Amino acid sequence: MSKTQLAAAAIRWYDENARDLPWREPGVGAWPILVSEVMLQQTPVVRVLPAWRAWLTRWPVPAALAADTPAEAIRMWGRLGYPRRALRLHECASALVERHDGAVPADLEQLLALPGVGSYTARAVAAFAYGQRYPVVDTNVRRLVARAVAGEPDAGPATRPADLVATEALLPAHPGTAARASAAFMELGALICTARSPRCVDCPLATRCAWRASGRTAPPGPTRRPQRYAGTDRQVRGKLLAVLRETTGPVPRDRLDLVWADDLQRSRALAGLIEDGLVEMVGDTCVLAGDHAVD
DNA sequence: AACTCGTGGGC
DNA sequence: TGCCCAAGAGT
């Protein structure tokens, strides 16, 4: 049994079971696909769907976004989370105009050089928008490969070069088919080979899965937990930015005092937002980046 | 390498 | 309820 049989089985399943997502429709351009990939970084599909439509209706091409202010990008981002992504996408649009005549490049190195575009997103665009043969490794694929190939209950905590190598080995030779296999692996990881309760009975790879063959060994002991969200700077940043998002123009600092009682933490969170370029001080007031009409 | 960075829904 | 997690990137 060759490894490409895994891909073949995944593609057959994908053809019958893939979700009907708008950025997968034939003829969708590289820019809409890039926007979807950035929005999908750590944000569930159901919340991305309406935001993606609204975003592309307003900014159908990179030049349109680049011509608008970062503040508007941050507002349109809404509550998708991690608003730095909105800022990076705006920077990315500017870079596309400056370096690539307003188009999304097909070259992997050029994609990787774009703001907010990392190893996953660059390969996703190269594969899904341009049909090139690159391993597209997200958390779903890492988990699926760890289980089906390595026989481990889960992938390691961080993406490694080895993940790219292991996934590349599964890809069919034909570029377009390889891209389809990547989409299929991702979809299998999202719908079947899930983190919490994998549905092996519905999995087209079950008969070839090393983890299942080993009796689905449990993951090793307690993994160290990240800090809880409640009470963190991230929560405070979120509250501060929510006020700025829903306000056009300057917000007095004492208006922001209302969202969090702890002066020190609130100041630290605001300083972080400024440091990230999401917020600017204008005199004694705060505005979203670029949201100050100078005239 | 480990840590930061939002948000909301499922169980 | 509290906890986990969802198509990562940047430092």
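Because the structure is a prediction, the values reported are computed rather than measured. Convention: sequence-line order gives letters A, B, ...; per-chain numbering from 1.
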For B:dG6, take OP1 and OP2 only and decide whether either is under 4.0 Å from a side-chain N or O of A:Arg237.
-> yes
Using a cut-off of strictly less than 4.0 Å between a heavy atom of the residue and any atom of DNA chain C, enumerate the qualifying residues of residues 26-42 of chain A by number.
-> A:Glu37, A:Leu40, A:Gln41, A:Gln42
Rounded to whole angstroms, how far apart are CG on A:Asp138 and P on C:dA6?
-> 10 Å
Measure from CG on A:Leu188 to C1' on C:dA7 and round the result to the nearest Å.
-> 14 Å
P gap between C:dA7 and B:dC5, integer Å = 22 Å
Mind checking whether A:Pro175 and A:Gln132 have side chains closer than 4.5 Å, heavy atoms only?
-> no
Contact under 4.0 Å: A:Tyr82 side-chain N or O vs B:dT7 OP1/OP2 | no
Taking atom C1' of C:dA7 as reference, at what distance in whole Å does atom CD of A:Glu187 sit?
-> 10 Å
Test item: A:Leu144 and A:Asn140 side chains (from C-beta on) under 4.5 Å apart, heavy atoms = no
Side-chain contact, heavy-atom cut-off 4.5 Å: A:Arg24 with A:Val28?
-> no
Does the separation of the ring centres of A:Trp31 and A:Trp59 fall below 6.0 angstrom?
-> no
So what does A:Trp77 hit on the nucleic acid, given a heavy-atom distance under 4.0 Å: a base, only sugar-phosphate, or nothing?
-> nothing
Find the distance A:Leu49:CG to B:dG8:C1' and express it as a whole number of Å.
-> 15 Å
Just one of A:Arg142, A:Arg147, A:Arg196 clears the salt bridge (Lys or Arg N to Asp or Glu O under 4.0 Å) bar with A:Asp154, so which one?
-> A:Arg147
Under 3.5 Å donor-acceptor pair, A:Thr43 side-chain atoms to B:dG6 base atoms = yes
Supply the atom-to-atom distance A:Leu34 CG to A:Leu114 CG, rounded to the nearest 0.5 angstrom.
-> 7.5 Å
Do A:Ser119 and A:Arg123 get their side chains close enough for a donor-acceptor pair, meaning under 3.5 Å?
-> yes
Is there a path from A:Tyr120 to A:Leu188 through hydrophobic residues (I, L, V, M, F, W, Y) whose side chains come within less than 4.5 Å of each other?
-> yes
How long is the line joining CH2 of A:Trp52 and P of C:dA6, in whole Å?
-> 23 Å
If the P atom of B:dG6 is compared with that of C:dT11, how far apart are they to the nearest Å?
-> 15 Å
Value for CG (A:Leu258) from NZ (A:Lys239), rounded to nearest 0.5 Å, stands at 11.5 Å
Dump every N/O contact between nucleotides 9-11 of chain B and the protein below 3.5 Å, one line per pair.
none

If Ile, Leu, Val, Met, Phe, Trp and Tyr residues are connected whenever their side-chain heavy atoms lie under 4.5 Å apart, and connections chain through other members, are A:Val38 and A:Leu21 in the same group?
-> yes
Within residues 107-137 of chain A, residues whose heavy atoms come under 4.0 Å of DNA chain C = A:Pro115, A:Gly116, A:Val117, A:Gly118, A:Ser119, A:Tyr120, A:Thr121
Check the distance between B:dG8's C1' and A:Gln235's CD and give it to me in whole angstrom.
-> 13 Å
Between A:Asn140 and A:Arg88, whichever has its closest DNA chain C nucleotide further toward 5' is A:Asn140
Provide, to the nearest angstrom, the distance between the CG atom belonging to A:Leu191 and the C1' atom belonging to C:dC5.
-> 15 Å
Just by distance, do the side chain of A:His90 and the backbone of A:Arg85 share a donor-acceptor pair under 3.5 Å?
-> no
When we call it a touch if two heavy atoms are under 4.0 Å apart, what does A:Leu80 touch: a base, just sugar-phosphate, or nothing?
-> base
Separation of atom CG in A:Asp233 from atom C1' in B:dC5, rounded to whole Å = 11 Å
Hey, does A:Ala190 reach any base, or is it just sugar-phosphate, or nothing, if we go heavy atoms under 4.0 Å?
-> sugar-phosphate
Would you indicate what A:Arg84 reaches in the nucleic acid, counting non-hydrogen atoms under 4.0 angstrom: base, sugar-phosphate, or nothing?
-> base
Would you mind telling me which of C:dA6, B:dG6, B:dG8 lies closest to the side-chain atoms of A:Pro44?
-> C:dA6
Looking at side-chain heavy atoms only, is the closest gap between A:Val48 and A:Leu40 below 4.5 Å?
-> yes
Distance only, no hydrogens: is a donor on one side chain within 3.5 Å (strictly under) of an acceptor on the other, for A:Arg88 and A:Tyr82?
-> no
Heavy atoms under 4.0 Å, any strand shown: does A:Arg160 hit a base, just sugar-phosphate, or nothing?
-> nothing
